[in-house]
Structures are given as C-alpha cells and as structure tokens.
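To keep things clear, I will list the structure first and then write my remarks on it.
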Amino acid sequence: MNSYSYMTFNTPTTIILFGAMGDLAWRKLLPSLSDLYKRRNLPKDVRILGVSREQMSTTTFKDYVAGKVNGVSEEFLDILSYLQMDLLDEEAYHKLGAAILDMEHELGVDVRGNRLFHLAVPPTLYKEVFKNLGNSEVAIEGPTNWSRILVEKPFGYDSESAEELNSIINQYLKETQIFRVDHYLAKDTIENLIAFRFSNALFEHTWDNNHVESVHIKMYESGDVENRGAFYETVGALRDVGQNHLLQLLTLLAMDSPGELNAEKISSMRLGILNSLRVYSSKEEVAKNTFRAQYDSYRDTAGISDNSDTETYFAIRAFVDSPVWQGVSFLIEGGKGMPEDNIEIQVQFKRRTPCVCGVNGEGHEHGNRLTFSLQPQKQISIRFWVKKPGLEYVLESQELKYVYDDSKGLPDAYEQVLRDAILGNRTIFPTAQEVCAAWKFITPIINNWESVPLVSYKKGTMPLLQEFNKNL
Ligand code: BG6
C-alpha cells in the first residue's frame, strides 16, 4: 500500500448504500463488503449505512444480513446501520446527513469523515439523487475528507440523457467525486487483458490488421431476466451489457499500450478506441450490421408488457476505423436465455501464407486463436498447429492454456470496485468521456432499430442468425 492509500485507510469512512434492499446489494455489495472487512481491506474505522424505502429497524436489517449473506461475522454486523428514506424526498437528505454525522461521531470524527455513496438504485433516480446530494450538502468535501459517489451502469439511456446527467453532476457536485461503475473492468480476468497484452512481447507484433482476422466478444448467459423484469424492460440487452461491459472489453483488446499502469493513460487509450468505432447512422447500415432477438417466454415475466419489443439478445458487427484495425471485424454479442454460460473474447489470427500445411492442408483453416475466457472457465488459451504424430505430414490443432487458480476464491469484482473507489484509484472506472463515446456508437443503433426485425428464439437455444451472417 502506498502512503496515500495508507492515509485513506486510516481516515474514518462511512459507506452509504442506496438501494440496500435491492438485488445488487444482496448479490454483490453486502457480500463484497463483508469479505473486504474480513480481509482488513476496508478503512480501519468504517461504518456502513444501508438506505432504502422499506420501513425497518437497524436490528432487522442486521438480521437480514446475518441470514442472507454467507459467512458474515458479528464484528461486521456491528458496523451496520439502516435508514428508511425516499431518495426523491429532498427533505429526507437532512435526516440522512444527521445519520451519517451520528456514525462519524461514533468513529470519533470532529468535522466530517470520508463518505462513499453507492447508487445501487434504478438509473431513473440518478438525476434527482445527484441534485439532492448536492443541495443538501451531504456529499460535501473539505480539507480533511472526501465524498465519492459510485454510480452503476447504464449511465443514461442514450447520448442525450448521459450528457444531461453529466451536466447535472457539474452543476450540483464535482466530476472528481463521481466513479462510474463497470464491474467488468474490475474482474481479475479482464485486468489480465492489460497485463497479458503489455507485458509479453510475444504477440505485440501481430496485434494488428495484418495478422488478426477478426475478434469475437461474446457474453452468453443461460439465466433469464429473473426478478429484474421491471429494470430490464427499460434497458434491454444492448444497454444492459453492450454499451458498457462488452464495448469496454473491445477497448482493452484493441487499445494501444498506455506505457505504464496509469489511470489517465489507460482511460485515454480506451477512449481512443471508442472514438474510432465506425458509427452506423443510417437504417441500412444498422440493418446490415446489427441483429436483435427476444426469448419466447420473456413477455410472461412480471413487469413486462405483452407487446414488449425489448431485446434479450443482440449482435453487432463493429469496426474500429484506425490504421491498425482497418478491415478487422469485431463481433460483439450478448444475450440471456442462451444454451450455456459462455463469456469470452476470441482473437482469430490469419492463416499463415504460404502455409506448410501438409497433406490436404490447402483450403484448411490453420489460423491461430487466442481466447480469454471468463465463463464457464477462467482461462487464457492459445490454439496452435503441430504435426500429428505418424508417418504422414498432417497438421492438428493443440492448445496451450493458463487456468486461473481460484481454489482460494478470486475476489469478486465488486471488492475491487469498492476498494479502488476508497483508494481513489480510477483505473477501472470509465470516465464521462468514455461513457459518452460509447453512447455515440450505441444511440444511432437503438434509434434505428425499428428497421431491424425483432426475432424470437426459444429460451435455452441460440437465435437463428442466418440473415445477419449473410451480410458477412
Ligand atoms: C450486469 C448486468 O451488469 O452484469 C446483468 O446488469 C448481468 O444482466 C451481469 O447478468 C453479469 O455479470 P457477471 O459478473 O455475473 O458476469
């Protein structure tokens, strides 16, 4: 730990969880906080305040946490409190301020301690929450404390609404207080894309359109929208995982070397790629390069209308218009209700020409393939070609693999998110410019989607992509 983070970890800190009774809090945030606490990876003096609309006492909240989150300690339960509050009620923020001050007094703080707010609430509330946090001065900063706000994706619904949120932030808060969350950037397997690409000379000279034929980034989830119907209906697959997670994977795959592990440099490299994405602004281009589908039982989910045209699967053929990547197609696809859980990035290299491919080698595909897998295995693998043992000269493919050792359990991405926000390390947080650049690519697709038929697929099967593939 450097001296800066040491100081941060020694300053009393309150973590305020907006949406404490929501899906994200229970699945990810509370378990991650409990694990961080167990491993002494939270500030020495820390309190956590759960905030939601539900009426309940701190004791009941603690009972819930004890019952629902695996392996919580008594010590962890001791640092929890609960506040019932309507985030849209401006007056209620004074009550919030008082509750935080109480906790800070318990921690022995004279003026104000560090405050980390996590907005695990529907994005429709962001605007009002930013205004109220600013007006009430609950998120005020001083010479001895910071106040930071973690905001979940999607940040906005399109370019215009994202810009509007940014301007509200600039009016009521400070941009430096905002940490836009994309938990994919916080995954160990994804952080490894940077480590792998920029610590090994092996692939460096083949990382361009002379050698790479195509890139395929896929996120297949076998699960359906479960109890998140009301949220999902307002976003759809493209806004849920395409505008953020998958485009960010594309940036890490395609970006130039940042030269060093520096948040600003890495972010500016990611931004460079987002800004070079070819924008499809006409109906024809969108129809040719994108595909959308919905699984058959989606409309039976609670909170979804009978004639919903929200996609649960999408595919986009993207191009990065830069001299390095001109002509290489980046296929990105994401969906729920898929036949399997399979999240990976495949880099398909061109076939070696001339190829000493041996008997019947001509016409065969003998390209190398590098795969970064997140699900179901966590691994990096390389497919290469060797001579098959025997008298004939025939090639066969083999694999070199690095499999993550998660026997001790890899930290959850949200542990990294929370810890880095406390440390003020911005490497894994997309900037306002990155989010807007991603919307610049996604918004015209969404706006032109009425010209792309919404195909139906049976849950647990792949949508039929024939028409889309014909355009290849
Ligand atoms: C979230 C999406 O951001 O990522 C979910 O809202 C998706 O729909 C989830 O299921 C997947 O995350 P992970 O970490 O389980 O791969």
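Just follow the structure's listing: the first ligand is 1, and inside any ligand the first atom is 1.
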Open item on the list: When you compare the side chains of Glu434 and Ser267, does any donor N or O come within less than 3.5 Å of an acceptor on the partner?
Closed with: yes

Task: Heavy atom of protein closer than 4.0 angstrom to atom 8 (O) of ligand 1 - done: yes

Task: For atom 13 (P) of ligand 1, the option (of Arg228, Lys187, Lys336, His245) bearing the nearest heavy atom - done: Lys187

- [ ] Identify the protein heavy atom lying closest to atom 16 (O) of ligand 1, giving its residue, its atom name and the separation to 0.1 Å.
- [x] Tyr184 OH, 2.5 Å

Task: Residue Asp240 vicinity, atoms of ligand 1 by number, heavy atom under 4.0 Å - done: 2 (C), 5 (C), 6 (O), 8 (O)

TODO: Give the residue, atom name and distance (to 0.1 Å) of the protein heavy atom nearest atom 10 (O) of ligand 1.
DONE: Glu221 OE2, 2.6 Å

- [ ] Tell me which part of Lys153 gets within contact of ligand 1: side chain, backbone, both or neither, using heavy atoms under 4.0 Å.
- [x] side chain

Open item on the list: We want to know whether Ser456 and Tyr295 form a side-chain donor-acceptor pair, criterion being a heavy-atom distance below 3.5 angstrom.
Closed with: no

Open item on the list: Are Tyr402 and Tyr404 an aromatic pair, judged by ring center distance below 6.0 Å?
Closed with: yes

Task: Pair Lys28 + Glu152, salt bridge at N-O below 4.0 Å - done: no

- [ ] Mind checking whether Tyr232 contacts ligand 1 via backbone (N, CA, C, O), side chain (CB onward), both or neither, at a 4.0 Å heavy-atom cut-off?
- [x] neither

Task: Protein contact to atom 12 (O) of ligand 1 [nearest heavy atom, distance to 0.1 Å] - done: His183 NE2, 3.2 Å

Open item on the list: Among residues at least two apart in sequence or on other chains, which ones pass ring pair (Phe, Tyr, Trp, His ring centres under 6.0 Å) with Phe117?
Closed with: Phe18

- [ ] Looking only at distances, please establish whether an N/O atom of ligand 1 is found under 3.5 Å from an N/O atom of Lys28.
- [x] no

Task: Pairing residues for Tyr414 by the ring pair (Phe, Tyr, Trp, His ring centres under 6.0 Å) criterion, not counting sequence neighbours - done: His183

Task: Enumerated ligand 1 atoms positioned under 4.0 Å from heavy atoms of Met219 - done: 11 (C)

Task: Ring centroid separation Tyr220 to Tyr313 under 6.0 Å - done: no

